[in-house]
Amino acid sequence: MIPYGRQNLSEDDIRSVVDVLRSDWLTQGPTVARFEAAIAKYVGSQYAVAVSSGTAALHLGCRALGLKRGGMLWTSPNTFVASANCAFYCNGDVSFVDIGKDTFNISPTALEKKLIEAKQRGQLPDILVPVHFAGQPCDMKEIFALAKEYDCKIVEDASHAIGAEYHDSKIGSCQYSELTTFSFHPVKLMTTGEGGAITTNDKGIYDKLMMLRSHGIIRDPDRMNGTSEGDWYYQQLDLGYNYRITDIQAALGISQLSRLDQFLKKRQTLVRRYHNKLSHLPVKLPIVRDARTSAWHLYVIRVDEKKTGKTRGEVFAALRKSGVGVNVHYIPVHTHPYYAKKGFQKGDYPVSEKYYEEAISIPIFYDMTEDEQDRVIRALEQAL
Ligand SMILES: *Cc1c(COP(=O)(O)O)cnc(C)c1O
């Protein structure tokens with residue numbers, strides 16, 4: 001089976017992990033700080049905090065921005081459940097904004113409409129979570145302008161988008177947000193096994209993230225209530241977590257990050273071939289947008305039943321049967337049973353639901369050979 005995504009580990013990646021295993025520090029050592037400095041430098045942010053997962057990054061981001069009971073987070077339904085769940089972890093609430101028909105990202109038009117209505121009801125969101133779906137940057141200038149007008153904070157979920165570019169900056173530079181989160185799960189663009197990161201330019205947010213990552217504990221005497229009782233002394237100031245990443249993982253992260261541009265370049269080559277070789281088929285291909293460079297975490301085609309006479313399900317099954325490990329991203333979050341219990345219904349976000357009925361993610365990963373890609377293309381021709 002050709003998978004839809006797969007990590008690539010080099011001998012150098014392995015060696016850097018083994019070096020840490022032979023060192024004094026398996027966790028809370030210098031390699032985590034080195035990884036954080038490398039992330040901040042790569043994306044162009046002031047600060048980076050590495051954590052145990054992309055989900056932990058979203059949770060800490062919401063906590064650092066002060067989301068609590070009575071608070072509200074909005075994201076788009078076309079995402080992994082974690083982009084929304086993070087609000088519930090903080091006892092906050094969730095609502096959604098539908099996606100654009102061709103961008104698959106949060107629609108600024110739908111966002112503005114919903115903000116106007118929410119203002120009239122006096123229920124404006126505290127946090128917006130634009131998800132750079134498939135690696136394609138959201139319309140951040142428009143979203144940022146609306147966030148300023150309606151006094152919301154922005155957490156970019158860039159789990160799909162490390163290395164993506166929007167106008168003159170990299171995603172993660174936080175030019176249009178308070179903070180950005182990343183995931184380093186093996187299906188993502190680069191990996192640490194499990195892992196994630198948050199970037200920000202705000203020292204206050206950074207300090208909060210660092211504290212919450214490790215139980216809400218601080219060791220800096222200047223930040224203590226009262227005076228330090230000695231070198232052993234620390235204080236817990238808030239309720240935090242153990243969301244630390246290990247030095248073992250961070251070593252892999254540093255090595256993978258140094259190869260990221262190479263990973264992205266290969267994805268672009270694969271995308272160009274898909275674009276050329278699939279253009280004659282009756283499927284809709286992902287669009288390439290101005291003033292941005294996608295990280296191409298996913299390559300999503302859409303099956304138009306009216307044109308092909310076949311449902312997405314039929315095409316999906318035929319592809320799997322011929323050894324192509326296709327997948328579907330995403331089941332609209334609001335249609336999951338957990339969200340139905342919260343009162344969401346099918347029909348609430350029709351663009352996301354229509355998109356979901358047509359979408360298939362076809363394989364794209366660094367190791368993919370031209371031969372494998374041609375097999376995918378032939379399988380798709382037959383399936384249609
Ligand atoms: C993968 C992913 C996450 C969660 O990341 P983990 O590292 O698996 O916790 C969150 N949001 C999106 C959009 C993702 O794709």
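Counting starts at 1 for both ligands and their atoms, following the listed order.
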Requested in this report: Give a yes/no verdict on whether any heavy atom in G195 is under 4.0 Å from an atom of ligand 1.
Outcome: yes

**Side-chain heavy-atom pair I218, D207 within 4.5 angstrom cut-off** = no

Ranked by distance from atom 15 (O) of ligand 1, the top protein heavy atom is H160 NE2, 2.8 Å

The option among G193, S183, G196 carrying the non-hydrogen atom nearest to atom 7 (O) of ligand 1 is S183

In ligand 1, the atoms that come under 4.0 Å of a heavy atom of S159 are 2 (C), 3 (C), 10 (C), 11 (N), 12 (C), 13 (C), 14 (C), 15 (O)

- Give a yes-or-no answer on whether the side chains of E156 and H132 include a donor-acceptor pair shorter than 3.5 Å. yes

Next on the checklist: Within the structure provided, determine whether L285 and Y299 are in side-chain contact (heavy-atom separation under 4.5 Å).
Outcome noted: yes

Ring centroid separation Y355 to Y349 under 6.0 Å: no

Atom 11 (N) of ligand 1 sits nearest the protein heavy atom D157 OD2, 2.8 Å

Ligand 1 atoms nearer than 4.0 angstrom to some heavy atom of Y330 are 15 (O)

_Is there a side-chain contact between T246 and W25 in this structure, where contact means two heavy atoms from C-beta onward sitting under 4.5 Å apart?_
no

Nearest non-hydrogen protein atom to atom 4 (C) of ligand 1, with distance, is T55 OG1, 3.5 Å

Note: ligand 1 atoms sitting under 4.0 Å from heavy atoms of T79 are 13 (C)

Value for OH (Y233) from OG1 (T227), rounded to nearest 0.5 Å, stands at 8.0 Å

(Q) Taking only non-hydrogen atoms of F133, do any sit less than 4.0 angstrom from ligand 1? (A) no

of all protein heavy atoms, closest to atom 2 (C) of ligand 1 is K188 NZ, 2.6 Å

(request) Dump the intermediate steps for ring pair (Phe, Tyr, Trp, His ring centres under 6.0 Å) on F184 and F35, then the final yes or no. (result) CA-CA 12 Å; F184 305 129; F35 183 36; 5.6 Å; yes

Atoms of ligand 1 under 4.0 Å from any heavy atom of G54, numbered from 1 in the order shown, are 5 (O), 6 (P), 7 (O), 9 (O)

Separation between NE2 (H297) and OH (Y4), nearest 0.5 Å, reads 5.5 Å

